[in-house]
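Each remark here refers to the structure printed beneath this line.
What's counted below: heavy atoms across the whole structure, side chains too, no hydrogens, waters or symmetry copies. Just so it is clear: chains get the letters A, B, ... in the order the sequence lines come, proteins before strands, and each one is counted from 1.
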Amino acid sequence: MSKYQAPRGMRDVLPPESERWQWLVSRCREMAHRYGYREIRTPLVEHTEVFLKGVGEGTDIVEHEMYTFADRAGRSLSLRPEGTAGVVRAYVEHGMHTWPQPVKLYYVAEMFRYDRPQAGRYRQHTQFGAEVLGAAEPAADVDVLSLAVRTLQALGLREVRVHLNSVGDPKCRPGYLQVFREYFQAHYDRLDDDSRRRLVTNPLRILDSKVEQTREIARGAPRMLDYLCPECRAHFDAVRRHLEVLGIAVEVDPLVVRGLDYYTRTAAEVHYPKLGAQSTLFGGGRYDGLAEVLGGPPTPGVGFGMGLERVLMVLEEEGLVPELATGIQVYVCHDGPPWEDEALRLVDFLRGAGLRAEGDLLGRSLRAQLRAASRSGARWAVLVGVPEVPRGQVVLRDLQVGEQRLVPAEQLPRVLQEEEGGCGRTGAGS
RNA sequence: GUGGCCGUAGCUCAAGGGCAGAGCACCAGACUGUGGCUCUGGGGGUUGCGGGUUCAAGUCCCGUCGGCCACCCCA
């Protein structure tokens, strides 16, 4: 055990896992581009105020889980615990309401929450997220949610099922909350302590309780869906119907409740049960009130955030991560010091020709170089300095087949191009 | 934040009060100019860290740090 470890809940990503990340992220970007989303990169830190207002002061995230610190001038800054607040802050700050609407943005970014770590829950994690700003139509909800679902499907996951709910809007939610509170107040003496606490802090979360007696009470609780105003009702029905038109499995789930205050109407989640308690692959919804809270013009918005650590965990478990070809193709070996310069030149030449090539850096014997070549995963070894080989030629050895032949050095790139052309190769070296 | 399980070599794990080990991995050599297979040798550890009990502590006790599981919360 080394003296220093990565901070709790944070981890190093080493090869070949780092290569799987490159693959995953590039797939996410590709899907976002197909849907017409463009990348936004916001600062890793924001003024704490942005999250207090944007995420909500009563939420666990803001109250217990933020990395908040004072900079040298005494300003209170926080590492972002989620992506939406920063994106909307940027939308307002840069006057994006003057851009052609809607504005569709995506990000792949690190988030920080001071939470108790567990597999699939990290203090530093990566989210792929997307937001549609300036569109109140159900079509916008369907656009982002389908991006999330289709991305998971494109990665190979079957059985992606969207749990869909509506949390209403400022017109209908207060009335519902009133009825909701009254219902649970009436059963107060039978509630567990957690739920009593939540009745004050985050009442809708009671619906999520794992305590059986509370669940029983919750089953009889009034449901937001029965209290939606006509506009919210129509919106919910349209989102649901359009997702079904796309063939996306939808399950109406009154228990999907977002922990963040700015959500209105649509609330959606996708779970992957095999992940255990940390099973949410993505969560998202509509936040029509957020831009105003952050000092901007009233701007409807809808988006999602997807936890990529969890997605990658699932993909690996399901064997859906392909072999990656980022390893080297050619390893140049030489037979001792007199040939070092020539080997060096040759490696440089091959790299210049676009091949992934490397040579010995340890002054090793020819035998050890071949061993290194073999273990590097390279398909080809080139031998420089073998006696009886005419000047200008080198030995090209196929490490898979075990055969070798003479090739003029300057023709190596062309020969290798031809050889590699036909057969795909694996080369991550693992 | 609450409760539980677990920390021994780079990795996977033995040793359960009495000399800290194996397999894999890594390095070198042999099988004669050239890898994979096989064989030989080598480097690697304050047993996560700190304290305590004991003649003696990976081993028992306490604390702490870290991982995992459930809760909480969420992606």
Side-chain angles (χ1 to χ4, degrees), chain A residues 1-11 14 55 59-65 80-84 108-129 148 152 192-195 197-198 201-202 205-206 208-211 256-260 267-272 275-285 303-314 331 333-336 362 364-389 395-404 430:
Chain A
M1 198 59 64
S2 57
K3 182 172 178 181
Y4 296 109
Q5 296 172 253
R8 184 166 204 206
M10 306 188 183
R11 38 183 239 118
L14 315 177
V55 177
T59 59
D60 268 50
I61 289 180
V62 164
E63 275 183 5
H64 312 293
E65 298 179 2
R80 62 177 166 224
E82 57 90 51
T84 303
V108 175
E110 318 298 325
M111 306 298 164
F112 297 84
R113 293 184 197 174
Y114 196 90
D115 217 358
R116 186 129 168 198
Q118 215 170 306
R121 180 167 71 188
Y122 303 97
R123 289 183 171 183
Q124 175 181 340
H125 74 276
T126 311
Q127 281 188 31
F128 167 45
L152 291 175
D192 59 282
D193 291 345
D194 271 338
S195 296
R197 181 174 51 81
R198 277 182 290 211
T201 60
N202 199 350
R205 278 263 145 208
I206 297 177
D208 246 2
S209 176
K210 304 290 190 296
V211 181
V256 175
V257 176
R258 314 266 70 228
L260 313 181
E269 286 178 4
V270 163
H271 295 267
Y272 207 83
L275 279 175
Q278 308 304 323
S279 67
T280 309
L281 247 31
F282 77 73
F304 74 85
M306 181 183 294
L308 293 187
E309 279 79 4
R310 291 178 189 177
V311 170
L312 193 57
M313 205 177 289
V314 169
Y331 196 104
C333 306
H334 65 83
D335 196 12
L362 293 171
R364 294 210 256 212
S365 68
L366 181 58
R367 179 202 306 281
Q369 288 177 53
L370 257 303
R371 206 188 311 130
S374 186
R375 269 180 298 199
S376 74
R379 165 91 191 263
W380 306 99
V382 169
L383 289 84
V384 174
V386 179
E388 90 252 349
V389 171
V395 175
L396 175 62
R397 184 172 176 82
D398 183 331
L399 293 170
Q400 268 172 28
V401 183
E403 288 170 354
Q404 59 188 44
S430 52

Base, sugar-phosphate alone, or nothing: which one does [X] contact when heavy atoms must sit under 4.0 Å apart?
X	answer
Tyr122(A)	base
Arg8(A)	sugar-phosphate
Gly129(A)	nothing
Arg11(A)	nothing
Gly9(A)	sugar-phosphate
Leu308(A)	nothing

Discussion item. Counting only side-chain nitrogens and oxygens, does Gln118(A) get under 4.0 Å of the OP1 or OP2 atom of G67(B)?
Written reply: no

Practice prompt. Report yes if at least one side-chain N or O of Arg371(A) is closer than 4.0 Å to OP1 or OP2 of U34(B); otherwise report no.
Written response: no

Worksheet entry | Stacked cation flag Arg310(A) on Tyr272(A), 6.0 angstrom / 45 deg |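 Pair Arg310(A)/Tyr272(A) does not count as cation-pi.
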
Taking the [atom1] atom of each, how far is [N] from [M], in whole Å?
N	M	atom1	result
A25(B)	C61(B)	P	37 Å
G10(B)	G52(B)	C1'	32 Å
U59(B)	U53(B)	C1'	13 Å
G48(B)	G7(B)	P	9 Å
G17(B)	A56(B)	C1'	7 Å
G63(B)	G3(B)	P	11 Å
U8(B)	G67(B)	P	14 Å
C72(B)	C62(B)	P	29 Å

To the nearest angstrom, how far is [X] atom [atom1] from [N] atom [atom2]?
X	N	atom1	atom2	value
Arg121(A)	C71(B)	CZ	P	10 Å
Glu269(A)	C73(B)	CD	C1'	12 Å
Arg375(A)	U34(B)	CZ	P	15 Å
Trp380(A)	G35(B)	CH2	P	18 Å
Glu65(A)	C73(B)	CD	P	10 Å
Gln127(A)	A75(B)	CD	P	6 Å
Ile61(A)	C72(B)	CD1	C1'	13 Å
Glu309(A)	C74(B)	CD	C1'	13 Å

Is [Y] close to [X] at the side-chain level, that is, under 4.5 Å between some pair of heavy atoms?
X	Y	value
Leu281(A)	Val311(A)	yes
Arg121(A)	Arg113(A)	no
Leu370(A)	Leu399(A)	yes
Arg116(A)	Arg8(A)	yes

Identify the nucleotide, in any strand shown, that forms a Watson-Crick or G-U wobble pair with [N], with both distances under 3.5 Å; if there is none, say none.
N	value
A57(B)	none
C31(B)	none
C26(B)	G42(B)
C37(B)	none
C68(B)	G4(B)

Between [X] and [Y], which heavy-atom pair has the shortest distance, and what is it?
X	Y	answer
Arg364(A)	Ala372(A)	NH2-CB, 4.1 Å
Phe128(A)	Phe304(A)	O-CE1, 3.4 Å
Ile206(A)	Ser195(A)	CD1-O, 3.5 Å
Pro117(A)	Gly9(A)	CG-CA, 3.7 Å

Worksheet item: May His64(A) be described as stacking on the base of G1(B), applying a 5.5 Å centroid limit and a 30° limit on plane angle?
Response: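 No.
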
Practice prompt. Please tell me which of Gly305(A) and Pro117(A) maps to the more 5' nucleotide of RNA chain B, matching each residue to the nucleotide holding its nearest heavy atom.
Written response: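 Nearest nucleotide further toward 5': that of Pro117(A).
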
Worksheet item: Which residue lies toward the 5' end of RNA chain B, Tyr114(A) or Gly307(A), if each is placed at its nearest nucleotide?
Response: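 With Tyr114(A) and Gly307(A) compared, the 5'-side residue is Tyr114(A).
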
Worksheet item: Using the purine O4'-C1'-N9-C4 or pyrimidine O4'-C1'-N1-C2 torsion, is G58(B) syn (within 90° of 0) or anti?
Response: syn

Worksheet item: Would you call G41(B) syn or anti, using the 90° rule around 0?
Response: anti

Residue [X], side-chain atoms from C-beta onward, closest of [options]:
X	options	answer
Ser365(A)	C72(B), G67(B), G29(B)	G29(B)
Arg113(A)	A70(B), G35(B), A75(B)	A75(B)
Val386(A)	U34(B), C71(B), A75(B)	U34(B)
Ala119(A)	C69(B), G35(B), C72(B)	C69(B)
Leu366(A)	G35(B), U34(B), C26(B)	U34(B)
Gln5(A)	C73(B), C65(B), C69(B)	C65(B)

Worksheet item: What residues, two or more places apart in sequence or in another chain, satisfy ring pair (Phe, Tyr, Trp, His ring centres under 6.0 Å) together with Tyr331(A)?
Response: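 Result, ring pair (Phe, Tyr, Trp, His ring centres under 6.0 Å) vs Tyr331(A): none returned.
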
Return the polar atom pairs (N/O with N/O) between nucleotides 2-6 of chain B and the protein under 3.5 Å, or none.
| unit_1 | atom_1 | unit_2 | atom_2 | d |
| --- | --- | --- | --- | --- |
| U2(B) | O4 | Arg116(A) | NH1 | 3.0 |
| G3(B) | O6 | Arg116(A) | NH2 | 3.1 |

Discussion item. Ignoring hydrogens and geometry beyond distance, is the side chain of Gln369(A) in donor-acceptor contact with the base of U34(B) at under 3.5 Å?
Written reply: no

Discussion item. For G33(B), does the base pair up with any side-chain atom of Arg367(A) as donor and acceptor (N or O, under 3.5 Å, distance only)?
Written reply: no

Item to complete: Would you confirm whether Gln278(A), through its side chain, and Ala119(A), through its main-chain N or O, come within 3.5 Å as a donor-acceptor pair?
Response: no

